[in-house]
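So that the names make sense, note that chain A is the first sequence line, chain B the second, and so on, each numbered from 1.
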Protein chains: 2
Amino acid sequence: MSRRDEILDVAVAVLEEEGPDALTMRELATRMGIRAPSLYKHVRDKDDILAGVQERALIALAQHLAAAGPGLAGLADAYRSWARAHPRLYEVATRRPLARERIAPGVEAAAAAPIVAAAGGDAHLARALWALAHGLVDLELSDRFPPGADLDATWRTALRGFEPPPSPTRS
Amino acid sequence: MSRRDEILDVAVAVLEEEGPDALTMRELATRMGIRAPSLYKHVRDKDDILAGVQERALIALAQHLAAAGPGLAGLADAYRSWARAHPRLYEVATRRPLARERIAPGVEAAAAAPIVAAAGGDAHLARALWALAHGLVDLELSDRFPPGADLDATWRTALRGFEPPPSPTRS
DNA sequence: ACCTGAACACCGTTCAAGT
DNA sequence: ACCTGAACACCGTTCAAGT
């Protein structure tokens, strides 16, 4: 494993255990048993580390979505549950511009694929679904909904507009 | 005007003109012709300033939404256009937890009111609409959509799920 | 009441130097 | 190839002191 990958491992650990404020070059170095300036031999700067974390987060999210239960509801559950399990990673994955030059091609597409599939290949519908899920998650993670709000019900209402019409069942 | 309000004026100006990195206590003080430590006689800390900016941003957004054109499309246009005109303020307004103790009661409700009205009073539907608009705006402001994507079309697709069914017109 | 100078405990980052 | 010590230009914040 490259030294850069070791740094990213530690960065993810710090982020999840202690939050973004603790993610300093000195903290990373201390955990690795070296001094902060030494990190610069393996990464360009702190932003390079965040781009690496973003890439890892997108890969993990993509895997989680690919294993989702069936239907739009299954996908939505997978999206929300991953974000709630990894709120700091979700933030790094979505709140900063995509580091398109630093992230391996295909990562973005892999994360998007299950959503595009759920949208039947309609790119606009896929973006709308993604935005809806992201908006719900982002506002929930930022504690913007009134305390005690029934967010399960909010998700059901939100998805209703996008469900395929129920297939007529023979009675 | 209180000294605190003057500080908030300057904070909003710095944020919109130079971005969040330039919003330092020293920069605020310099613009006011004083030294950074003097600010602490008028605000508790930097977070107090951000809470004040958040409150102002919500008030401005609420006013803009209240003056929106008719229908869901008019409201959506108003939401998106305000966010694009004031991206830094939009960020402060939505990306941080609501400073419920520091913000005048009613501000949150005023911002929500036009959305709740468009949802016909259905709180879950209102939250879903808000999340959809927020998600679209947040991803656009973070440059997460592919360059060149037709976001007008994405918005139309997104809102389609929530439009009231077209009233049958006599032919 | 309002402001200041000096200081503290931090940041990210550079660079010459060591092994 | 990898790491270090010292330093630089910043942060937010505290506090005794001045008017």
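Screening A:Leu15, A:Val14, A:Leu50 against A:Pro20 for a side-chain contact (heavy atoms from CB on, under 4.5 Å) leaves a single residue, A:Leu15.
For the OP1/OP2 pair of D:dC3 and a distance below 4.0 Å, the side-chain nitrogens and oxygens of A:Arg3 include at least one atom meeting the criterion. In this structure, A:His42 does not reach the D:dA1 phosphate: none of its side-chain N or O atoms is under 4.0 Å from OP1 or OP2.
Salt bridge annotation for A:Asp138-A:Arg95: present, with a cationic side-chain nitrogen under 4.0 angstrom from a carboxylate oxygen. Checked for salt-bridge contact, A:Arg3 and A:Glu6 meet the test: a charged N lies under 4.0 Å from a carboxylate O. Between A:Asp152 and A:Arg80 there is a salt bridge, with a side-chain nitrogen of the basic residue lying less than 4.0 Å from a carboxylate oxygen of the acidic one. Ion pairing of A:Arg31 with A:Glu27 is present here, as a side-chain N (NZ or NE/NH1/NH2) and a carboxylate O approach within less than 4.0 Å.
Comparing atom distances between the B:Ile34 side chain and each of C:dC3, D:dG5, C:dG5 picks out C:dC3 as nearest.
Looking only at atom types and distance, the side chain of B:Ser81 has a donor-acceptor partner in the side chain of B:His64 under 3.5 Å away.
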Please list, one pair per line, the donor and acceptor atoms closer than 3.5 Å that link side chains of residues 107-132 of chain A to other protein atoms, with sequence neighbours excluded.
residue  : atom : partner  : partner atom : Å
A:Asp122 : OD1  : A:His124 : N            : 2.9
A:Asp122 : OD1  : A:Leu125 : N            : 3.0
A:His124 : ND1  : B:Thr154 : N            : 3.4
A:His124 : ND1  : B:Thr154 : OG1          : 2.8
A:Trp130 : NE1  : A:Tyr79  : OH           : 3.2

Original post:
Pairs counted as Watson-Crick or G-U wobble with both distances under 3.5 Å: what dot-bracket string results for DNA chain D, using | for bases tied to another strand?
Top reply: ||.|||||...|||||.||

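Residue A:Arg4 contributes atom CZ, which lies 18 Å from atom C1' of D:dA1 at whole-angstrom precision.
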Subject >> Contact pattern, 5' to 3', of nucleotides 9-19 of chain D - B, S or - by protein heavy atom under 4.0 Å >> reply: --BBBBB----

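No donor-acceptor pair under 3.5 Å is formed between the side chain of B:Glu16 and the backbone N or O of B:Arg88.
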